[in-house]
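I have placed the structure first, in the form of structure tokens, so that the comments after it can refer back to it.
Letters A, B, ... are given to chains in the order of the sequence lines, protein chains preceding strands, and every chain is numbered from 1. In this text the structure is predicted, and so the values were computed from the model without any measurement.
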2 protein chains.
Amino acid sequence: MSKQRVVNLSEVRTQCQKCSLYQLCMPMGLAEGDLNKLDKIIKRRRPVEKGEFLFRLGEDFISLYAIRSGSLKTYTSQSDGQEQVIGMHLPGELIGLDAIGDSRHGCSAVALETTSVCEIPFEHLEALSREIPGLQHHLFRLMSAEIQHDQCHMTVLARMPVENRLASFLLSLSDRYKLRGYSASEFNLSMSRSDIANMLGMAMETISRLLTGFQEQGLIQVERKHIRILDAAGLRAIAGQCGELPDSPVDNSSSHSA
Amino acid sequence: MSKQRVVNLSEVRTQCQKCSLYQLCMPMGLAEGDLNKLDKIIKRRRPVEKGEFLFRLGEDFISLYAIRSGSLKTYTSQSDGQEQVIGMHLPGELIGLDAIGDSRHGCSAVALETTSVCEIPFEHLEALSREIPGLQHHLFRLMSAEIQHDQCHMTVLARMPVENRLASFLLSLSDRYKLRGYSASEFNLSMSRSDIANMLGMAMETISRLLTGFQEQGLIQVERKHIRILDAAGLRAIAGQCGELPDSPVDNSSSHSA
DNA sequence: CTTTTCTTTTGATCCAGATCAAGGCCTGGA
DNA sequence: TCCAGGCCTTGATCTGGATCAAAAGAAAAG
């Protein structure tokens with residue numbers, strides 16, 4: 001381990017710690033050389049301004065994007081021109097994973113505020129993950145986590161009344177901010193009420209009423225886009241959880257009808 | 001290419017063609033040696049009878065399962081004991097991808113009929129996909145496709161009225177059966193009405209009424225679990241599509257509010 | 001600073017689809 | 001063969017949230 005290498009490492013760390021790659025690299029303890037390799041394939045690009053597209057539905061898929069700062073929403077368009085918001089994406093998250101399958105973006109990504117991203121050409125990443133087993137494993141885990149997350153969201157949309165949906169959403173934001181080192185109890189919504197409503201499958205008016213209601217119940221404090229969570233346990237009680245284990249596991253025989 | 005190798009290859013093909021691996025291996029043109037390696041890590045196991053679990057929510061994740069014949073449903077359980085059906089899985093599909101992330105199954109899988117599967121220990125598969133680039137790529141594509149599919153389902157659940165949901169579901173089944181070489185216009189529902197309703201986020205009674213309605217409109221013919229699609233175009237008109245491209249792409253500047 | 005425009009709130013009404021209720025129909029077991 | 005317990009269908013009612021409407025704040029533009 002030469003002195004120069006150590007310098008390189010710390011330099012890379014500085015670049016990656018704040019950016020997406022902190023999430024992408026660190027958890028699996030890449031060797032310093034590997035970190036450098038990874039850093040080399042990443043393209044920095046000018047920040048995406050609020051309202052600009054990072055990519056659009058139908059475009060060729062070239063790169064994944066890791067969010068370094070700011071936030072984006074992704075959405076699809078229906079045949080009738082209606083938009084469906086798929087998700088809101090925070091720093092440290094990787095977007096574009098849904099496009100690998102058919103080499104074409106299945107949704108559009110718009111910046112909700114000035115946002116900087118690292119562009120990761122997927123072919124390079126794929127090649128690199130053949131060399132670096134830890135990277136391959138990490139990518140599998142990331143994609144799996146996304147599937148899990150989407151399934152959770154499906155459950156929320158299919159079953160839950162509106163209170164639960166919004167409570168889940170707020171808690172999920174809180175958790176994600178916390179994971180990134182921000183406050184878990186206080187944050188700004190970067191999406192508009194109507195985007196939130198759209199994503200949660202309800203009307204904007206309902207969001208507005210619910211936020212007021214939660215505030216009156218002392219669960220949160222709302223001021224415009226700023227949210228302060230006062231009673232996380234209370235919210236959690238409203239939200240319910242997806243994928244929770246039932247109390248007493250039953251035996252492995254046919255207790256289930258088909 | 002020795003004669004013996006050729007024999008091995010055809011033998012493997014026979015095993016894999018009907019089973020999940022047909023989907024998993026063939027599209028990427030694995031070399032014969034690679035096919036053999038893949039075949040070696042796969043465990044055959046006795047069929048899962050109707051109502052039996054293949055795995056359960058909360059269990060340790062060891063293997064992916066490729067469905068060789070039959071079908072399964074996956075579902076999660078809410079804290080209140082309610083079930084949410086996540087998906088229905090046909091031959092050629094791989095299940096368990098959502099469990100890689102936290103090494104624990106996030107849903108339960110129950111056979112809807114006698115079902116045979118190949119068990120693929122994930123650690124082995126991961127190791128093998130380091131050796132075989134095509135395999136790695138294929139796995140990324142599979143997981144990506146699952147993400148895409150789930151996002152489509154989220155859109156359906158969030159926005160669409162019940163007619164659209166059911167029409168989408170029937171068309172998706174039709175497509176999937178077709179892809180597997182079965183009839184696109186005639187198939188059996190292996191899930192009960194109430195499971196379908198649950199999965200589509202509606203009441204069983206509504207499914208029943210809609211099926212009757214579709215039949216009266218001459219779109220389908222229903223007899224118990226047997227469905228015959230008479231007017232796929234008509235169904236498609238009702239369903240709408242997710243991820244469709246809007247008519248005229250606009251320029252890349254800020255046409256979008258945040 | 002004023003005007004325009006967009007976003008959010010709040011109130012009133014309405015309806016798609018859930019829920020409740022009651023029969024009819026398969027299916028599997030004895 | 002008959003019976004029992006699920007499924008499925010059909011009808012009647014009810015309600016959670018959507019939609020419609022309008023005004024009050026912010027923010028952006030002039």
Aromatic plane relationship, Phe61(A) with His105(A) - under 30° parallel, 30 to 60° tilted, over 60° perpendicular: perpendicular

Separation of dC7(D) C1' from Leu112(B) CG (nearest whole Å): 15 Å

Give each protein N/O atom lying under 3.5 Å from an N/O atom of nucleotides 11-14 of chain C, with the pair distance.
residue: dG11(C); atom: N7; partner: Arg209(A); partner atom: NH1; Å: 2.8
residue: dG11(C); atom: O6; partner: Arg209(A); partner atom: NH2; Å: 3.3

Presence of salt bridge, Arg46(A) and Glu52(A), under 4.0 angstrom: yes

Members of residues 152-168 of chain B that approach DNA chain C, where some heavy atom sits under 4.0 Å away: Pro161(B), Val162(B)

Side-chain N or O of Thr212(A) closer than 4.0 Å to phosphate OP1/OP2 of dT10(C): yes

Between CZ on residue Arg45(A) and CD on residue Glu119(A), distance to nearest 0.5 Å: 4.5 Å

Distance-only side-chain donor-acceptor flag, His89(B) / Ser71(B), under 3.5 Å: no

Phosphate OP1/OP2 of dT8(C): any Ser194(A) side-chain N/O under 4.0 Å: no

Ala109(A) to Ile95(A) - nearest heavy-atom pair and separation: CB-CD1, 4.1 Å

Thr76(B) and Gln84(B) side chains, donor-acceptor separation under 3.5 Å: no

Nearest-angstrom distance from the residue atom NZ of Lys225(A) to P of dC6(C): 15 Å

Value in whole Å for how far the P atom of dA18(D) lies from CD1 of Ile207(A): 9 Å

Listed once per pair and sorted, the disulfide (SG to SG under 2.5 Å) pairs that draw on residues 151-195 of chain B, sequence neighbours left out: Cys152(B)-Cys242(B)

Atom pair distance, as rounded to whole Å: CG in Leu211(B) and P in dG17(C): 15 Å

Spacing between Ile196(A) atom CD1 and dT7(C) atom P, to the nearest angstrom: 13 Å

Sugar-phosphate, base or nothing in reach of Thr206(A), heavy atoms under 4.0 Å: sugar-phosphate

SB check Glu93(B) Arg180(B) (cutoff 4.0 Å): yes

Distance in angstrom units between Asn188(A) CG and dA26(D) C1', rounded: 15 Å

Sugar-phosphate only, base, or nothing, as touched by Met202(A) at under 4.0 Å among non-hydrogen atoms: sugar-phosphate

Sugar-phosphate, base or nothing in reach of Gly201(A), heavy atoms under 4.0 Å: sugar-phosphate

Gap between atoms NZ and P, on Lys50(A) and dA28(D) respectively (whole Å): 7 Å

Per-nucleotide protein contact string for nucleotides 22-30 of chain C (B base, S sugar-phosphate only, - none; heavy atom under 4.0 Å): ----S----

Length of the CE-C1' vector between Met204(B) and dC7(D), whole Å: 8 Å

Residues forming a side chain to side chain contact (heavy atoms under 4.5 Å, CB included) with Arg228(B), sequence neighbours excluded: Glu186(B), Gln221(B), Leu230(B)

Minimal non-hydrogen separation, Met160(A) against Ala239(A), with atom names: CE-O, 3.3 Å

Donor-acceptor under 3.5 Å (Arg68(B) side chain, Val117(B) main chain): no

Residues forming a salt bridge (charged side-chain N to carboxylate O under 4.0 Å, His left out) with Glu205(A), sequence neighbours excluded: none

